[in-house]
Every structure is written in structure tokens, then in C-alpha cells.
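A short worksheet on the structure shown next.
By convention here, the first residue in the shown sequence is residue 1. Any value given below was found using the heavy atoms of this structure, including those in side chains, with hydrogens, waters and symmetry copies removed.
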Amino acid sequence: MSSAPPPATPRPSVIQLAIKEKSALYAAYIPLFSDGGIFIPTTRDYKLGDDVYVLLSLPEDTQRYPVAGKVAWVTPPKAANSRTQGVGVKFPNDPKSQALKFKIEEILGAHLGSDRATQTL
């Protein structure tokens, strides 16, 4: 009686996101998540809880920040109010992500309190 190996856990998909302008970062950043998060426009089909590996580039910064996050919401195609299709990725609660959240909030500065519409919640 041979036992089959356990099903392989799917590897998280890798998404590269280069945000070139502060206004685009403002529109994509998700301060509502306690550990921070980012909206990623994509037509790929994701489900809540999916693991994703994001390589994030920020405005005026040559470094790429790796984030092993989870899909925390999905904006479907043809969403209400012409919202962009994509996913909200929640940053994990770890020191690297805390540093990234701090860096993003430092870049955005006073913009964080703005009433301008974003692609997020």
C-alpha cells in the first residue's frame, strides 16, 4: 500500500510593482491595514488569502522591497465606480514590512491625511 505524497502547496505568484510618482503611491497605499498594504492593478485571478510575493519599487528610490503578503481584498473586473481591477495585498507583521510601511508613510508625509480618492477602501 503506497501512500501518495501530500499535494504541493502552490508557490506564491511574484508581482513586480514599480510606483514612479508620489500620487500613484498615495492611490495604492492601504493605511487601513495595521501592518500596511498596497493595491496592485492586475487582471490575474486571485482569491482572498492567496499568498503573493511582491517586489515593490517606490518613487525616487532605487531599492526594490520584497514583501511576502496575502490578498486581503479583490476588486473584480467591471467593478462599480470604474474602480481598477486588482488586489489589495496586506503586508505581514514583520520588521521588514514595518520598515517598508514607515518608508511609504515618510514619502507620503502630509498626503496621508488627504481626502483625495484612492484605488483602495
Side-chain angles (χ1 to χ4, degrees):
M1 191 158 145
S2 69
S3 61
T9 305
R11 291 179 47 146
S13 62
V14 176
I15 303 171
Q16 294 193 43
L17 180 63
I19 299 178
K20 305 226 183 305
E21 296 160 2
K22 200 184 283 193
S23 60
L25 180 60
Y26 172 80
Y29 179 59
I30 309 167
L32 292 174
F33 293 157
S34 58
D35 298 309
I38 199 86
F39 177 80
I40 300 170
T42 179
T43 55
R44 196 161 163 191
D45 200 20
Y46 287 98
K47 293 175 183 49
L48 291 177
D50 281 356
D51 289 317
V52 289
Y53 190 77
V54 182
L55 290 169
L56 180 62
S57 302
L58 300 175
E60 299 169 28
D61 190 344
T62 55
Q63 185 174 343
R64 289 198 325 186
Y65 298 89
V67 179
K70 283 200 179 293
V71 173
W73 99 70
V74 176
T75 302
K78 300 182 182 84
N81 301 327
S82 303
R83 289 222 178 260
T84 304
Q85 179 181 356
V87 293
V89 175
K90 185 178 187 315
F91 294 166
N93 183 356
D94 65 28
K96 273 189 183 169
S97 297
Q98 304 264 310
L100 176 57
K101 176 182 174 163
F102 181 78
K103 175 86 176 156
I104 290 171
E105 291 181 354
E106 193 177 50
I107 292 169
L108 292 176
H111 291 291
L112 276 176
S114 172
D115 291 335
R116 280 200 351 245
T118 69
Q119 296 172 327
T120 66
L121 300 174

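- Side-chain contact between Leu55 and Val14: present, with at least one pair of heavy atoms (C-beta onward) separated by less than 4.5 Å.
- Shortest non-hydrogen contact noted between Ser97 and Asp94 is N-OD1, 2.7 Å.
- In this structure, Arg44 and Ile15 have side chains that are not in contact, with every pair of non-hydrogen atoms separated by 4.5 Å or more.
- Under the 4.5 Å side-chain heavy-atom criterion for Ile, Leu, Val, Met, Phe, Trp and Tyr, Leu58 and Tyr53 are members of distinct hydrophobic clusters.
- With rounding to the nearest 0.5 Å, the separation of NZ in Lys70 from CG in Leu48 is 11.5 Å.
- The neighbour count for Glu21 CD, taken as heavy atoms of other residues, nucleotides or ligands under 6.0 Å away, does not exceed 12.
- When the options Val54, Leu56, Ile38 are evaluated for a side chain to side chain contact (heavy atoms under 4.5 Å, CB included) with Leu100, the one that passes is Leu56.
- In terms of heavy atoms, Trp73 sits closest to Thr75 at NE1-OG1, 3.0 Å.
- Under the 3.5 Å distance criterion, the side-chain polar atoms of Lys47 are left unmatched by any main-chain donor or acceptor of Val74.
- The aromatic rings of Phe91 and Tyr29 sit tilted relative to each other, their planes meeting at an angle between 30° and 60°.
- Closest heavy-atom contact between Gly36 and Lys101: N-CD, 3.9 Å.
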Assess the residue pair Tyr65 and Ile104 against the criterion (side chain to side chain contact (heavy atoms under 4.5 Å, CB included)); give the C-alpha distance rounded to whole Å, side-chain angles, the decisive distance to 0.1 Å, and a yes or no. CA-CA 11 Å; Tyr65 298 89; Ile104 290 171; over 6 Å; no
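- The minimum heavy-atom distance between Gly69 and Pro92, with the atom names listed, is CA-CD, 4.3 Å.
- The minimum heavy-atom distance between Phe39 and Ile30, with the atom names listed, is N-CD1, 3.8 Å.
- Within the 4.5 Å cutoff, the side chain of Ser57 has heavy atoms near those of the Arg64 side chain.
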From CA spacing to verdict: salt bridge (charged side-chain N to carboxylate O under 4.0 Å, His left out), Lys90, Asp35: CA-CA 7 Å; Lys90 185 178 187 315; Asp35 298 309; 3.6 Å; yes
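- Looking at every heavy atom in both residues, Pro41 comes nearest to Leu17 through CD-CD1, 4.4 Å.
- If you chain together hydrophobic residues whose side chains sit under 4.5 Å apart, Ile19 and Leu108 fall into the same group.
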